[in-house]
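Side-chain atoms are counted along with the backbone in the values below, which use heavy atoms only and exclude waters and symmetry mates. By convention in this document, chain letters (A, B, ...) are assigned in the order of the sequence lines, proteins followed by strands, and residues within each chain are numbered from 1.
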2 protein chains.
Amino acid sequence: MSNNHFKKGELYSFITGKASTAIARRLQKKFNATGLNLTIEQWSVLYHLWKQDGISQQELCNATFRDKPSITRLVDNLEKLNMVKRVASENDRRINKIYLTRQAQKLQEQTMDLAEETLNEALNTVPPEKIEVCKEVLQIVYDNLK
Amino acid sequence: MSNNHFKKGELYSFITGKASTAIARRLQKKFNATGLNLTIEQWSVLYHLWKQDGISQQELCNATFRDKPSITRLVDNLEKLNMVKRVASENDRRINKIYLTRQAQKLQEQTMDLAEETLNEALNTVPPEKIEVCKEVLQIVYDNLK
DNA sequence: GACATATAGTTGTTTATACAACTATTCAAA
DNA sequence: TTTGAATAGTTGTATAAACAACTATATGTC
């Protein structure tokens, strides 16, 4: 018998991710209002390329927690937007290395500012120590299920 | 200046909802393994109809935090699966009241058990007081942004 | 009662996700 | 060195979400 027994009616939000959905929608609206023609999912791929440019699609799968077809199509769309380029690896011709274009490099600061702004709006009024606990719990949930 | 300033690299999980995505995937796998031909999104609609049968599509929009086209198509698919029926309201012919079929009524206990099981797996090893803090924070996030 | 407005729901289009099936390349073992 | 397995990526198909544009019905004000 678990000590984490959920009262009925409380499990819904946890499963559907109401909070993260609300955050993503708010950030998307900020992108649109700024004239950034970029989805949150595309941004999440750029996010990892800003940290390390030239990683493979498989590494993007691991980093973004998506499957290979999802990354194939996100990279397709990012290429159409002229945000990334696929470059076949010299060593292993199965691998595409994904590189940011100059245009995408320029978007990092602006979009990260909007993301931080969104999180500040979301967590406004929440004491820092509670945020820490929340982050910790969500990390454990992820580790328990991955 | 916010006191909720995120260290760079920590905002990603909050925005993408890694934890709730992992929970939803785990539950979907349990549905599939049990032979339940039902998506999590369809289940989330049934969830609210189990609480109150015969509510309108608009009420389902509010309850599930989805827009009207999304609910139209979810109800379309649930009707094809013979899980719900649209019934035009007598008083106001703009309104469809959505009713569970007997088949859908039977699924409540089984699927709620699987959902609770999934959450117990997710929150295994997390002390109850931290779960409470996490739920509280996520609720505030939602209220701040909705 | 007529007309403007609001509300409920549907349809079209684009993007994204999950799963299965597929191709191409590399690796490893006989 | 050949062959079978593993790995990287793509394509097909179904479901879902967001947004805009649309139809139908109801409401409220003159």
*For Leu74(A) and for Glu90(A), find the nucleotide of DNA chain C with the closest heavy atom, then tell me which residue's nucleotide is more 5'.*
Leu74(A)

Distance, rounded to the nearest Å, where [X] contributes [atom1] and [N] contributes [atom2]:
X        : N       : atom1 : atom2 : result
Leu81(A) : dT14(C) : CG    : P     : 14 Å
Leu27(A) : dA17(D) : CG    : P     : 19 Å
Lys80(B) : dA14(D) : NZ    : P     : 10 Å
Asn32(B) : dA14(D) : CG    : C1'   : 13 Å
Asp67(A) : dT15(D) : CG    : C1'   : 14 Å
Ile40(B) : dC19(C) : CD1   : C1'   : 15 Å
Leu38(A) : dA18(D) : CG    : P     : 17 Å
Asn91(A) : dA8(D)  : CG    : P     : 14 Å

_Would you compute the distance between atom CD of Glu59(A) and atom NZ of Lys97(A) and round it to the nearest 0.5 angstrom?_
8.5 Å

*Give a yes or no on whether Lys85(B) atom NZ has more than 12 heavy-atom contacts from other residues, nucleotides or ligands under 6.0 Å away.*
no

*State, yes or no, whether a side-chain contact exists between Trp43(B) and Gln28(B) at a heavy-atom distance under 4.5 Å.*
no

*Counting just side-chain N and O atoms, does Gln28(B) come under 4.0 Å of either OP1 or OP2 of dT17(C)?*
no

*Report yes if at least one side-chain N or O of Arg25(B) is closer than 4.0 Å to OP1 or OP2 of dA18(C); otherwise report no.*
yes

_Stepwise side-chain hydrogen bond (donor to acceptor under 3.5 Å, both in side chains) test for Ser89(A) and Asp92(A)_ = CA-CA 5 Å; Ser89(A) 168; Asp92(A) 186 337; over 6 Å; no

*asked:* Using heavy-atom distances to pick each residue's nearest nucleotide on DNA chain D, tell me which of Lys29(A) and Asn77(B) is more 5'.
replied: Asn77(B)

*Which pairs count as ring pair (Phe, Tyr, Trp, His ring centres under 6.0 Å) when at least one residue sits in residues 114-137 of chain B, sequence neighbours excluded?*
none

*Once each nucleotide of nucleotides 2-11 of chain C is scored for protein heavy atoms under 4.0 Å, what B/S/- sequence comes out, 5' to 3'?*
----BBBBBB

*Between Leu74(A) and Ile95(A), is there a shared hydrophobic cluster once you connect ILVMFWY residues whose side-chain heavy atoms come closer than 4.5 Å?*
no

*Could you go step by step and tell me if Arg86(B) and Asp76(B) meet the salt bridge (Lys or Arg N to Asp or Glu O under 4.0 Å) rule?*
CA-CA 9 Å; Arg86(B) 283 178 167 96; Asp76(B) 286 348; 2.9 Å; yes

